[in-house]
Amino acid sequence: MAADELDFWSFVELANHRLATEYGFRHQLATEVLLTLNRASNIVTYDLEAAVHRPRGRSWSGFRLLFVTWLAGPLEAKKAAELTGMSRAAVSNLTKTLVADGLLDRAPGERDGRSVLLSLTERGQQEMVEVFRAQNEREHEWTSVLTETEQRILIMLLDKLITNRDQFDIRGRN
């Protein structure tokens, strides 16, 4: 099949065939699972950013930082990085923008002078309620193709994948 005739699924089939027959790789199902997981994550993330956040002048990363600060805050920047899965440098850079936009407050941490405590401003609180209302509706549109039971099974399977990663030497922020 010519490259311009491939779609995602026919590419996965081609990749699995070539990886097995030409290169001798044995774990095609693992490749298919992770290609599909990454593809789904990228599609959903892009859609949420394009449909909900960019029209409001925000990024997906900015939303994630505001979201964890909204629901778990006030919290130290280090903890915000852990909860969002972002680097501390990324949180620091986003914080500057969100403080300048009047959505986030930044104060010295209580434990030591180097730590920073993040909290939402009143305007940030109001924006998060409005933004999450739109996001939650979009989330529902995405997940409504699955029954409630299927959604719970998917969560269970993803949790199993994530929590059993200590079986090998993984690299990641958290």
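All heavy atoms count here, side chains included; hydrogens, waters and symmetry mates do not. Start at 1 with the first residue, then count along the sequence. Small disclaimer: the values here were computed from a predicted structure and weren't measured.
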Honestly curious: do Leu120 and Leu117 fall in one hydrophobic cluster under the side-chain, below-4.5 Å linking rule? no
Residues Arg133 and Glu130 bridged, charged N to O under 4.0 Å: no
Test side chain to side chain contact (heavy atoms under 4.5 Å, CB included) applied to Leu157 and Leu161, step by step: CA-CA 6 Å; Leu157 293 172; Leu161 187 67; over 6 Å; no
Between the side chains of Glu127 and Arg56, is the shortest nitrogen-to-carboxylate-oxygen separation below 4.0 Å, so that they form an ion pair? no
Identify the two heavy atoms, one from Glu49 and one from Pro55, that lie closest to each other, and give their separation to 0.1 Å. O-CD, 3.9 Å
May I ask you to check whether Glu13 and Asn16 show a side-chain donor-acceptor distance below 3.5 Å? no
Kindly assign one of parallel, tilted or perpendicular to the pair Trp70 and Phe132, based on the angle between their ring planes and the thresholds 30° and 60°. tilted
Can you find a side-chain donor-acceptor pair between Asp7 and Ser10 that sits under 3.5 Å? yes
If you group Ile, Leu, Val, Met, Phe, Trp and Tyr by side-chain heavy-atom gaps below 4.5 Å, do Trp142 and Ile155 land in one group? no
Same cluster or not: Leu29 versus Tyr23, using hydrophobic residues (I, L, V, M, F, W, Y) connected whenever any side-chain heavy atoms lie under 4.5 Å apart? no
Side chain to side chain contact (heavy atoms under 4.5 Å, CB included) between Thr31 and Phe25, worked out: CA-CA 10 Å; Thr31 300; Phe25 291 105; over 6 Å; no
Yes or no on side chain to side chain contact (heavy atoms under 4.5 Å, CB included) for Phe67 and Gln135, after CA distance, side-chain angles and deciding distance? CA-CA 11 Å; Phe67 184 74; Gln135 164 125 353; over 6 Å; no
Can a donor-acceptor pair be found, under 3.5 Å and without considering hydrogens, that links the side chain of Thr69 to the backbone of Ser119? no
Quick one: closest heavy-atom pair of Glu150 and Leu146, and the distance? OE1-CA, 3.2 Å
Do the side chains of Leu66 and Leu98 get nearer than 4.5 Å, heavy atoms only? yes
In terms of hydrophobic clustering (I, L, V, M, F, W, Y; side-chain heavy atoms under 4.5 Å; direct or indirect links), are Tyr46 and Leu35 co-clustered? no
Answer yes or no: are there more than 12 heavy-atom neighbours, outside Glu22 itself, under 6.0 Å from its atom CD? yes
Determine whether Ser59 and His53 make a side-chain contact, defined as any pair of heavy atoms from C-beta on separated by less than 4.5 Å. no
Looking at Ala80 and Leu65, what are the two nearest heavy atoms and their distance? CB-CD1, 3.7 Å
Smallest separation among heavy atoms of Val68 and Leu75, with atom names: O-CD2, 4.1 Å
CG of Asp47 to CG of Asn42: how many Å apart, nearest 0.5 Å? 12.5 Å
Given side chain to side chain contact (heavy atoms under 4.5 Å, CB included), test Met86 with Leu94 step by step and report yes or no. CA-CA 10 Å; Met86 290 189 271; Leu94 275 171; 3.7 Å; yes
Give a yes or no on whether Val52 and Val129 share a hydrophobic cluster (residues Ile, Leu, Val, Met, Phe, Trp, Tyr; joining criterion: side-chain heavy atoms under 4.5 Å apart). yes
Stepwise salt bridge (Lys or Arg N to Asp or Glu O under 4.0 Å) test for Glu148 and Arg152: CA-CA 6 Å; Glu148 182 179 335; Arg152 294 191 187 286; 3.1 Å; yes
Indicate the atoms forming the closest heavy-atom contact of Ala72 with Leu83, along with that distance. CB-CD1, 4.2 Å
Donor-acceptor under 3.5 Å (Glu76 side chain, Ser115 main chain): no
Beyond-backbone contact of Leu103 with Arg58, side-chain heavy atoms, under 4.5 angstrom: yes
Taking the side chain from Ser41 and the backbone from Leu37, do they hold a donor-acceptor pair closer than 3.5 Å? no
Asn93 vs Thr97 side-chain heavy atoms within contact, under 4.5 Å: no
Hey, could you give me the CE/NZ distance between Met156 and Lys160, rounded to the nearest 0.5 Å? 7.5 Å
If you compare all heavy atoms of Thr143 against all heavy atoms of Gln151, which two are closest, and at what distance to 0.1 Å? O-NE2, 3.2 Å
Counting only heavy atoms from other residues, nucleotides and ligands, does the tally under 6.0 Å from CD of Glu122 exceed 12? no
Non-hydrogen side-chain atoms of Arg54 and Trp60 separated by less than 4.5 Å: no
Between His17 and Gln28: side-chain donor-acceptor atoms closer than 3.5 Å: no
Is a side-chain N or O of Asn38 found less than 3.5 angstrom from the main chain of Leu34, in a donor-acceptor match? yes
Could you tell me whether a side-chain N or O of Arg64 sits under 3.5 Å from a main-chain N or O of Thr84, the two making a donor and an acceptor? yes
